[in-house]
Student: 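If you scroll down you'll find the structure; I have some questions about it.
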Amino acid sequence: MRRLLPVTELTDTAALPEAATDREWTLDELAEAYAYPAGERPRLRANMVSTLDGAAQHEGRSQGISCAADMRVFGTLRGLADVVLVGAETVRLEGYRPARAREAFAARRAAAGQGPAPAIAVVSASLDLDLSLPLFASPLVPTLVITGAGAPSDRVHAAREAGAEVLFAGEGAVVEPARAVAALAARGHTRLLTEGGPRLLGQFVASGVLDELCLTVSPMLTAGGAQRIATGPGVRVPERFSLISLLEEAGFLFSRYGKI
């Protein structure tokens, strides 16, 4: 990021040096800008990218509408999180790999009592997962699988045999977002990040458990029938979020919104 846009009443950008507005920010400065608020309650943050016409993907993946600066934010948000929640479909489409330890965040994570890298938590009702993927076969931190109590017992056993920790967060085959957050918090994971996909984010929005949205607006138009950043049943009354910060580089906008 090279520029802080003049938005009134920003709440968390005072720690950023003015000189950082006309050069590429360091990862440490980005970490300060995106730091989780103090407190012990779990906080769920989403990180998504969207084109000007609302597409969250191009040809089934988000990479085509992203940029290098967006990936710096992506890496920063992961570097701050205890756990990254992701839907099983997104694991398959995006070819998810385990989170890696990064030297730039090592001291910050150690001071916060965090492990070397965030755990990936795959949310799946059916547990139809390829357990041979590196995400399960060779993670730095054991991968979590969140499912419902009615998930197929043979697949629960297979996931555990593959080294994953299985958490139950719902009755039947349904994963209840609030119970998923509570299950992670019970294990000391309070800095939560979701990277989608759209169906999972839609469930978090509909359940009212999303605290913050970090949205990159890509200066592209795609048309077509691509998904939005959140899909599924709508909410009866739209929930209002407040703009916390807004950054810009090369036409890409990096916004951060918090629940009011």
Side-chain angles (χ1 to χ4, degrees), residues 11 34 36-37 39 41-57 60-62 65-66 70 73-74 77-78 80-94 96 118 120-126 144-148 167 169-185 189-218 222 225-246 253-260:
T11 62
Y34 285 97
Y36 281 82
R41 79 168 184 85
R43 187 172 181 88
L44 176 61
R45 163 187 285 172
N47 181 35
M48 301 293 283
V49 59
S50 170
T51 63
L52 296 175
D53 53 348
Q57 304 164 339
R61 300 187 66 184
S62 60
I65 61 174
S66 183
D70 184 43
V73 172
F74 175 93
L77 296 181
R78 279 197 167 196
L80 298 173
D82 296 331
V83 175
V84 178
L85 294 98
V86 62
E89 183 177 3
T90 297
V91 168
R92 292 187 287 266
L93 290 175
E94 300 279 356
Y96 256 65
I120 304 295
V122 182
V123 180
S124 176
S126 67
L144 307 174
V145 174
I146 303 178
T147 191
L167 307 182
E171 304 302 325
V174 177
V175 176
E176 299 174 23
R179 291 179 64 173
V181 170
L184 292 169
H189 302 314
T190 57
R191 305 172 188 89
L192 310 179
L193 170 67
T194 180
E195 297 167 350
R199 285 196 297 178
L200 181 62
L201 180 55
Q203 293 169 17
F204 288 141
V205 171
S207 298
V209 298
L210 186 70
D211 296 296
E212 188 175 303
L213 173 64
C214 297
L215 177 65
T216 297
V217 180
S218 172
T222 64
Q227 290 183 309
R228 298 163 49 198
I229 65 168
T231 61
V235 298
R236 188 174 63 85
V237 179
E239 189 168 18
R240 182 72 180 268
F241 279 60
S242 175
L243 182 64
I244 297 173
S245 64
L246 183 62
L253 299 179
F254 305 89
S255 63
R256 181 182 175 196
Y257 287 86
K259 182 185 293 186
I260 295 177

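The first residue in the sequence is number 1, and the count goes up from there.
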Student: Could you check whether Arg41 pairs with Asp211 (Lys NZ or Arg NE/NH1/NH2 to Asp/Glu carboxylate O, under 4.0 Å)?
Tutor: yes
Student: Calculate, to the nearest 0.5 Å, the distance between atoms OG and CD belonging to Ser50 and Gln57 respectively.
Tutor: 11.0 Å
Student: Would a 4.5 Å heavy-atom cut-off, applied to side chains only, mark Gln203 and Glu176 as touching?
Tutor: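 No, side chains not in contact.
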Student: Indicate the atoms forming the closest heavy-atom contact of Leu200 with Gly196, along with that distance.
Tutor: CD2-O, 3.5 Å
Student: Could you report the tightest heavy-atom contact between Pro118 and Val83, atom names first, then the distance?
Tutor: CB-N, 4.2 Å
Student: Determine whether Leu246 and Phe254 make a side-chain contact, defined as any pair of heavy atoms from C-beta on separated by less than 4.5 Å.
Tutor: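 No, their side chains stay 4.5 Å or more apart.
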Student: Would you say the side chain of Val181 lies within less than 4.5 Å of the side chain of Pro42, judging by non-hydrogen atoms?
Tutor: yes
Student: For Thr90, check side-chain contact (heavy atoms from CB on, under 4.5 Å) against everything at least two apart and list the hits.
Tutor: Val86, Glu94, Tyr96
Student: So, taking the atom named CG in Leu77 and the one named SG in Cys214, what distance separates them when rounded to the nearest 0.5 Å?
Tutor: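 Leu77 atom CG to Cys214 atom SG measures 5.0 Å (nearest 0.5 Å).
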Student: Check Arg179 with Glu171, please: is the shortest side-chain N to carboxylate O separation under 4.0 Å?
Tutor: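 So Glu171 pairs with Arg179 through a salt bridge.
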Student: Nearest 0.5 Å please: distance from the CG atom of Leu144 over to the NE2 atom of His189.
Tutor: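 Rounded to the nearest 0.5 Å, the CG-NE2 separation comes out at 5.5 Å.
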Student: Nearest 0.5 Å, please: how far is OG in Ser255 from CG in Leu213?
Tutor: 6.5 Å
Student: Check step by step if side-chain contact (heavy atoms from CB on, under 4.5 Å) holds for Arg256 and Leu243.
Tutor: CA-CA 6 Å; Arg256 181 182 175 196; Leu243 182 64; 5.9 Å; no
Student: Do side-chain atoms of Thr194 reach the backbone of Leu85 as a donor and acceptor pair under 3.5 angstrom?
Tutor: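 The answer is yes, because a donor-acceptor pair under 3.5 Å joins these two groups.
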Student: Which residues pass the salt bridge (charged side-chain N to carboxylate O under 4.0 Å, His left out) test with Arg228, sequence neighbours left out?
Tutor: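 For Arg228, no residue satisfies salt bridge (charged side-chain N to carboxylate O under 4.0 Å, His left out) once neighbours in sequence are set aside.
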Student: Please name the pair of heavy atoms, one in Ala55 and one in Ile65, separated by the smallest distance, quoted to 0.1 Å.
Tutor: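 Closest pair (atom of Ala55, atom of Ile65, distance): O-CD1, 3.5 Å.
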Student: Measure the spacing between OG1 of Thr222 and CG of Asp53 and express it to the nearest 0.5 Å.
Tutor: 4.0 Å
Student: Between Ile146 and Val122, is there a side-chain heavy-atom distance shorter than 4.5 Å?
Tutor: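 No. Closest side-chain heavy atoms not under 4.5 Å.
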Student: If I compare all heavy atoms of Thr147 with all of Ala125, which pair ends up nearest, and what's the gap?
Tutor: OG1-O, 3.3 Å
Student: Could you tell me which non-hydrogen atom of Phe241 sits nearest to which non-hydrogen atom of Leu210, and how far apart they are?
Tutor: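 Smallest heavy-atom distance, with atoms named: CZ-O, 3.5 Å.
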Student: Quick one: do Glu212 and Lys259 make a salt bridge, cutoff under 4.0 Å?
Tutor: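 Salt bridge absent between Glu212 and Lys259.
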Student: Should Leu80 and Arg191 be marked as a side-chain contact (heavy atoms from CB on, under 4.5 Å) after you check the CA-CA gap, both sets of side-chain angles, and the distance that decides it?
Tutor: CA-CA 7 Å; Leu80 298 173; Arg191 305 172 188 89; 5.8 Å; no
Student: Has the side chain of Ser66 got a donor or acceptor atom that lies under 3.5 Å from a matching backbone atom of Ser62?
Tutor: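 No; zero donor-acceptor contacts below 3.5 Å.
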Student: Kindly say whether Leu192 contributes a backbone atom to a donor-acceptor pair with the side chain of Tyr36 at under 3.5 angstrom?
Tutor: yes
Student: For the residue pair Leu193 and Ala46, what are the closest heavy atoms and their distance?
Tutor: CD1-C, 4.3 Å
Student: Can any side-chain N or O of Thr190 pair as donor or acceptor with the backbone N or O of Ala185 at less than 3.5 Å?
Tutor: no
Student: How far does OH of Tyr257 sit from CG of Leu215, to the nearest 0.5 angstrom?
Tutor: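 One gets 7.5 Å once the value is rounded to the nearest 0.5 Å.
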Student: With a 4.5 Å limit on heavy-atom distance, are the side chains of Val123 and Val145 in contact?
Tutor: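 No, too far: nothing below the 4.5 Å cut-off.
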